[in-house]
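Remarks on the structure that follows.
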Amino acid sequence: MIQKLTETERNAGLQELKDWQPSAGRDAIRRAFKFRNFSEAWGFMNRVALLAETQDHHPEWSNVYNRVEILLTTHDCDGLSERDLKLARAIDRLLA
Ligand SMILES: C[C@H](O)[C@H](O)[C@H]1CNC2=NC(N)=NC(=O)C2=N1
C-alpha cells in the first residue's frame, strides 16, 4: 500500500516543484498551464496521458480552450504520495 508523504517530505516536494501549488482543501498539488491554442493544449494532454499510463498514475484535470489544470493526488492513500511528485516532475520535463 502506498504511503502518504510526511509533512517534511511534502514540504520538500513543494519546494522542489516550484510551479506546483498545494490545493486548497485537499491533500493534493495543482498546476495551471496556458498554451497558444487548443491544439497545443490537447497535444500536451495527450503526452501527459501517455506518461500517466506508463506510471499507472492518473491526473484529475480540466481543459478550457488553451488552458489545462492538473491536480495530482493519490486515491489509493487518499492524499499526496511520492507517485504524485514523480508524475509532476515528468510533466515538468515535458515542458522543459
Ligand atoms: C489499479 C491501479 O493501479 C490503481 O487504481 C492506480 C491507477 N491510477 C491512480 N491514479 C491516481 N491518481 N491515484 C491512484 O491511487 C491510482 N491508482
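Being a predicted model, the structure only gives us computed values, none of them experimental. Note that ligands are numbered from 1 as they come in the structure, with each ligand's atoms numbered from 1 the same way.
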inquiry  = Please list, in number order, the atoms of ligand 1 under 4.0 Å from a heavy atom of T73.
reply    = 11 (C), 12 (N), 13 (N)
Heavy-atom closest contact (L5 atom, E82 atom, distance) = CD2-N, 3.5 Å
note = So the atoms of ligand 1 within less than 4.0 Å of a heavy atom of T74 turn out to be 13 (N), 15 (O)
remark   = Shortest non-hydrogen pair, I29 vs D84, comes out as CD1-O, 4.4 Å
query = Please state which protein non-hydrogen atom is closest to atom 8 (N) of ligand 1 and give its distance, to 0.1 Å?
reply = H58 ND1, 2.8 Å
message = Nearest 0.5 Å, please: how far is CG in L14 from CG in L85?
response = 8.0 Å
query = Taking W61 as the fixed residue, which of M45, R31, R30 is the one that meets the side chain to side chain contact (heavy atoms under 4.5 Å, CB included) rule?
reply = M45
query = CZ of R47: more than 12 outside heavy atoms within 6.0 angstrom?
reply = no
message = Taking distance alone, with N or O pairs closer than 3.5 Å, would you say D84 contacts ligand 1?
response = no
key: Shortest protein heavy-atom distance from atom 4 (C) of ligand 1, along with the residue and atom involved   = D76 OD2, 3.9 Å
key: Nearest neighbour in protein (non-hydrogen) for atom 2 (C) of ligand 1   = D56 OD2, 3.5 Å
request  = Mark whether atom 14 (C) of ligand 1 lies under 4.0 angstrom from at least one protein heavy atom.
outcome  = yes
inquiry  = Tell me if the CD atom of E16 is crowded by more than 12 foreign heavy atoms within 6.0 Å.
reply    = yes
